[in-house]
Engineer: 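Questions regarding the structure given below will be posed in turn.
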Amino acid sequence: MDLGIFPWVAGAKEFESKKMNDRPLLDIRNLKTYFSLPEGVIKAVDNVSFHVGNGEIMGLVGESGCGKSVTALSILGLIQSPPGQIVSGEILFQGQDLCKISPEQLRKIRGDRIAMIFQEPMTSLNPLYSIGDQIIEVYTEHYGLSRKEAREKTKEMLEKVQIPSPARRIYEYPHQLSGGMRQRAMIAMALACKPAMILADEPTTALDVTIQAQILELMVELQELMGTSILLITHNLGAVAEYAKRVIVMYSGKVVEEAPVIPIFESPLHPYTVGLLNSIPKLGSKVIGGKRRLEEIPGMVPGLNDLPEGCYFHPRCSKGREICKREEPKLFEIQPGHRVACWAVMEGW
């Protein structure tokens, strides 16, 4: 794997050497979130397990529809029911199973100890309320502050996320702000209660490249300042290489590979992970017809209501075996912290 396109990986070695606390902040065990639809049962998240440590940035990657966002929404209890339902599994946050607490208890945790940054702030912010009112509500609901006290806190938070003229912006509505400033307002809202964890679901998708870099840098600066853990859900593998400590790769509702960031980029094992990395534009790509062409993963992502037998990836895999068509591979540990679900890798290891 050519690491020339990932100059950030070398800098991750120092990050990786930091020791995490023994008990993870978030520990998801065998989570299953299904949707009952007329066309059948959709297994959006199917037996997913992983953990996020205290103060850690974890990357969660995969193609659209692989279950990343549904995993995040399951953590916060935001799955619409019906048709969605957490069928089984545990979501342990600071040792407490969020699947077993009441909606009232979960509402107190949501936005306070766990916050979420959504990918499109224009649809996540209420257009009928000013930016200030929406952040003020966080302080009044979770801290019981008066509106005057909450307004001052809001101004301070808008200043922290580097929104210019916060005293004026507090009275403006979402449509009056640029995309970058709306996302900064979302970050301010998420960090208002100094949460232990932030679920960042494609936080820079709707922004141009230069603003994306600014937003990611801002998130990391605030994360380091507050010691907050971040689950970074993204298609941007460059951001994962630069900022994350560990990476989880999902495909069709399942985890297919999990490893520290350096092994994922230096020596990916699952053919799907290899395909994702090879599909990134890079210098030296082969020239076809006078144009540089990206490598692609052949075939299409299967519909969750029409999944193949055995390994879900086998119809698109160049290393498939007969067993791949019959039996689903389980995650097994290749090296400490590096797990993969692939029959071909198991046979060759």
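What you see is a predicted model, and the numbers here were worked out from it, not measured in a lab.
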Engineer: Do Leu98 and Tyr34 share a hydrophobic cluster, counting only Ile, Leu, Val, Met, Phe, Trp and Tyr and linking them when any side-chain heavy atoms are less than 4.5 Å apart?
Structural biologist: no
Engineer: Please name the pair of heavy atoms, one in Ser74 and one in Ile86, separated by the smallest distance, quoted to 0.1 Å.
Structural biologist: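 Distance-wise, the nearest heavy atoms are O-CD1, 3.8 Å.
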Engineer: Heavy-atom distance under 4.5 Å between the side chains of Met250 and Thr71, does that happen here?
Structural biologist: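 Of all side-chain heavy-atom pairs linking Thr71 with Met250, at least one is under 4.5 Å.
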Engineer: Using 0.5 Å steps for rounding, measure from the CD atom of Glu221 to the NZ atom of Lys160.
Structural biologist: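 So the CD of Glu221 and the NZ of Lys160 are separated by 13.0 Å.
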Engineer: Applying side-chain hydrogen bond (donor to acceptor under 3.5 Å, both in side chains), name anything that partners Gln85, two or more places apart in sequence or on another chain.
Structural biologist: none
Engineer: For the hydrophobic clusters of this structure (ILVMFWY residues joined by side-chain heavy atoms under 4.5 Å, transitively), does one cluster hold both Tyr143 and Val138?
Structural biologist: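 Yes; tracing contacts between hydrophobic side chains, which count when under 4.5 Å, links both residues.
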Engineer: Which pair of heavy atoms, one from Pro24 and one from Asn54, lies closest together, and at what distance?
Structural biologist: C-ND2, 4.4 Å
Engineer: Going through the checks in order, is the side-chain contact (heavy atoms from CB on, under 4.5 Å) test met by Phe118 and Met186?
Structural biologist: CA-CA 8 Å; Phe118 295 94; Met186 283 291 298; 3.8 Å; yes
Engineer: For Arg321 and Lys319, which heavy atoms make the closest approach, and how far apart are they?
Structural biologist: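 In terms of heavy atoms, the two residues are closest at NH1-O, 2.7 Å.
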Engineer: Between Pro271 and Ser318, is any pair of side-chain heavy atoms under 4.5 Å apart?
Structural biologist: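 No, every pair of side-chain atoms sits at 4.5 Å or beyond.
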Engineer: Taking Ser229 for its side chain and Gly53 for its backbone only, find out whether a donor-acceptor pair lies under 3.5 Å.
Structural biologist: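 Side chain of Ser229 to backbone of Gly53, a donor-acceptor pair under 3.5 Å: yes, one is there.
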Engineer: Within a strict 4.5 Å, meaning less than it, do heavy atoms of the Met181 and Ile131 side chains meet?
Structural biologist: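 Side-chain contact under 4.5 Å: no.
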Engineer: Count the heavy atoms of every other residue, nucleotide or ligand shown that sit under 6.0 Å from OH of Tyr129, and state whether that count exceeds 12.
Structural biologist: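 Count not over threshold, so no.
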Engineer: Search all heavy atoms of Gln134 against all heavy atoms of Met189 and return the closest pair with its distance.
Structural biologist: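 Here Gln134 and Met189 meet closest at CB-CE, 3.7 Å.
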Engineer: Please identify each residue that fulfils side-chain hydrogen bond (donor to acceptor under 3.5 Å, both in side chains) with Arg113, with sequence neighbours left out.
Structural biologist: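 By the side-chain hydrogen bond (donor to acceptor under 3.5 Å, both in side chains) rule, Arg113 matches Gln94.
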Engineer: Could you grab the distance from atom NE2 of His338 to atom CD1 of Ile264, nearest 0.5 Å is fine?
Structural biologist: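 Spacing of NE2 (His338) from CD1 (Ile264) equals 5.0 Å.
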Engineer: Before giving the answer on side-chain contact (heavy atoms from CB on, under 4.5 Å), spell out for Val52 and Leu25 the whole-Å C-alpha distance, their side-chain angles and the decisive distance to 0.1 Å.
Structural biologist: CA-CA 6 Å; Val52 182; Leu25 177 68; 5.6 Å; no
Engineer: Report yes if the side chains of Val345 and Phe332 come closer than 4.5 Å at any heavy-atom pair, otherwise no.
Structural biologist: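 They are in side-chain contact.
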Engineer: More than 12 foreign heavy atoms under 6.0 Å from CD of Glu159: is that the case here?
Structural biologist: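 It does not: Glu159 CD has 12 such atoms or fewer within range.
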Engineer: For the backbone of Pro174 and the side chain of Arg182, can you confirm whether one donor and one acceptor N or O come within less than 3.5 Å of each other?
Structural biologist: yes
Engineer: Rounded to the nearest 0.5 Å, how far does CG of Leu76 lie from CZ of Phe93?
Structural biologist: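 Spacing of CZ (Phe93) from CG (Leu76) equals 9.5 Å.
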Engineer: Which heavy atom of Ser64 sits nearest a heavy atom of His235, and at what distance?
Structural biologist: OG-NE2, 3.4 Å
Engineer: Holding to side-chain hydrogen bond (donor to acceptor under 3.5 Å, both in side chains), I want the full list of residues that pass it with Asn236, two or more places apart in sequence or in another chain.
Structural biologist: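 Scan of Asn236 (side-chain hydrogen bond (donor to acceptor under 3.5 Å, both in side chains), adjacent residues dropped) gives none.
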Engineer: So for atom NZ, which belongs to Lys153, do other residues, nucleotides or ligands contribute more than 12 heavy atoms lying within a distance under 6.0 Å?
Structural biologist: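 No, the 6.0 Å shell around NZ holds no more than 12 heavy atoms from other groups.
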Engineer: Examine Val256 and Val301 and state if one hydrophobic cluster contains both, with Ile, Leu, Val, Met, Phe, Trp and Tyr joined whenever side-chain heavy atoms are less than 4.5 Å apart.
Structural biologist: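 No, no single cluster joins them.
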Engineer: So which of Val247, Val249, Val340 actually passes side-chain contact (heavy atoms from CB on, under 4.5 Å) with Thr273?
Structural biologist: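 For Thr273, the side-chain contact (heavy atoms from CB on, under 4.5 Å) check succeeds only for Val249.
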Engineer: Decide yes or no for Tyr243 and Thr234: does some side-chain heavy atom of the first lie under 4.5 Å from some side-chain heavy atom of the second?
Structural biologist: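 Side chain of Tyr243 against side chain of Thr234, heavy atoms only: no contact under 4.5 Å found.
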Engineer: Is atom CD of Gln105 surrounded by more than 12 heavy atoms (other residues, nucleotides or ligands) closer than 6.0 Å?
Structural biologist: yes
Engineer: Between the side chain of Arg246 and the main-chain N/O of His51, is any donor-acceptor distance below 3.5 Å?
Structural biologist: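 The answer is yes, because a donor-acceptor pair under 3.5 Å joins these two groups.
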Engineer: Apply ring pair (Phe, Tyr, Trp, His ring centres under 6.0 Å) to His314 and list each qualifying residue two or more places apart in sequence or on a separate chain.
Structural biologist: none
Engineer: Going through the distances and angles, do Asp201 and Lys68 end up as a side-chain contact (heavy atoms from CB on, under 4.5 Å)?
Structural biologist: CA-CA 8 Å; Asp201 186 8; Lys68 307 185 301 295; 5.8 Å; no
Engineer: Test side-chain contact (heavy atoms from CB on, under 4.5 Å) on Met226 and Leu191 and set out the steps.
Structural biologist: CA-CA 9 Å; Met226 299 181 176; Leu191 292 172; 3.9 Å; yes
Engineer: Is a donor on one side and an acceptor on the other found under 3.5 Å between the side chain of Arg326 and the backbone of Gly310?
Structural biologist: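 No.
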Engineer: Identify which one of Ile57, Thr228, Ile187, Ile114 satisfies the side-chain contact (heavy atoms from CB on, under 4.5 Å) criterion when paired with Ile198.
Structural biologist: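 Only one option passes, and that is Thr228.
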Engineer: Quick check: do Ile117 and Met219 have side-chain heavy atoms less than 4.5 Å from each other?
Structural biologist: yes
Engineer: Does any N or O in the side chain of Arg29 come within less than 3.5 Å of the main-chain N or O of Glu90, such that one atom is a donor and the other an acceptor?
Structural biologist: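 No: the side chain of Arg29 does not pair with the backbone of Glu90.
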Engineer: What residues form a side chain to side chain contact (heavy atoms under 4.5 Å, CB included) with Leu307, not counting sequence neighbours?
Structural biologist: Ser252, Pro302, Leu304, Tyr312
Engineer: Kindly indicate whether the side chain of Arg151, heavy atoms from C-beta on, has any atom under 4.5 Å from the side chain of Tyr171.
Structural biologist: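 The answer is yes, as the side chains (C-beta and beyond) meet within the 4.5 Å cut-off.
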Engineer: Taking all atoms of both residues into account, what is the closest heavy-atom pair of Pro329 and Cys342, and its distance?
Structural biologist: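 Result for this residue pair: CB-N, 3.8 Å.
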Engineer: Mind checking what makes side-chain hydrogen bond (donor to acceptor under 3.5 Å, both in side chains) contact with Tyr272, not counting sequence neighbours?
Structural biologist: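 If we apply the side-chain hydrogen bond (donor to acceptor under 3.5 Å, both in side chains) test to Tyr272, skipping adjacent residues, the hits are Glu63.
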Engineer: Rounded to the nearest 0.5 Å, how far does CD1 of Ile101 lie from CD1 of Ile109?
Structural biologist: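 Going from the CD1 atom of Ile109 to the CD1 atom of Ile101 covers 4.0 Å.
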Engineer: Would you indicate whether Gln80, at its atom CD, is surrounded by more than 12 heavy atoms from other residues, nucleotides or ligands within a distance under 6.0 Å?
Structural biologist: no
Engineer: So do Met58 and Leu26 actually touch side chain to side chain, heavy atoms under 4.5 Å?
Structural biologist: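 Answer no - side chains too far apart.
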Engineer: For the CD atom of Gln96 and the CG atom of Leu106, what is their distance to the nearest 0.5 Å?
Structural biologist: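 If we round to the nearest 0.5 Å, Gln96:CD and Leu106:CG are 9.0 Å apart.
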Engineer: Any donor and acceptor pair, going by atom type alone, linking the side chain of Asp97 with main-chain N or O of Ile91 inside 3.5 Å?
Structural biologist: yes
Engineer: Can you tell me how far CE of Met157 sits from CG of Leu222, rounded to the nearest 0.5 angstrom?
Structural biologist: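 These two atoms lie 7.5 Å from each other.
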Engineer: Between Leu60 and Val220, is there shared hydrophobic-cluster membership here, with clusters defined by ILVMFWY side-chain heavy atoms closer than 4.5 Å?
Structural biologist: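 In one cluster: yes.
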Engineer: Following the transitive rule for hydrophobic clusters with a side-chain heavy-atom cut-off under 4.5 Å over Ile, Leu, Val, Met, Phe, Trp and Tyr, establish whether Leu92 and Met197 coincide in one cluster.
Structural biologist: no
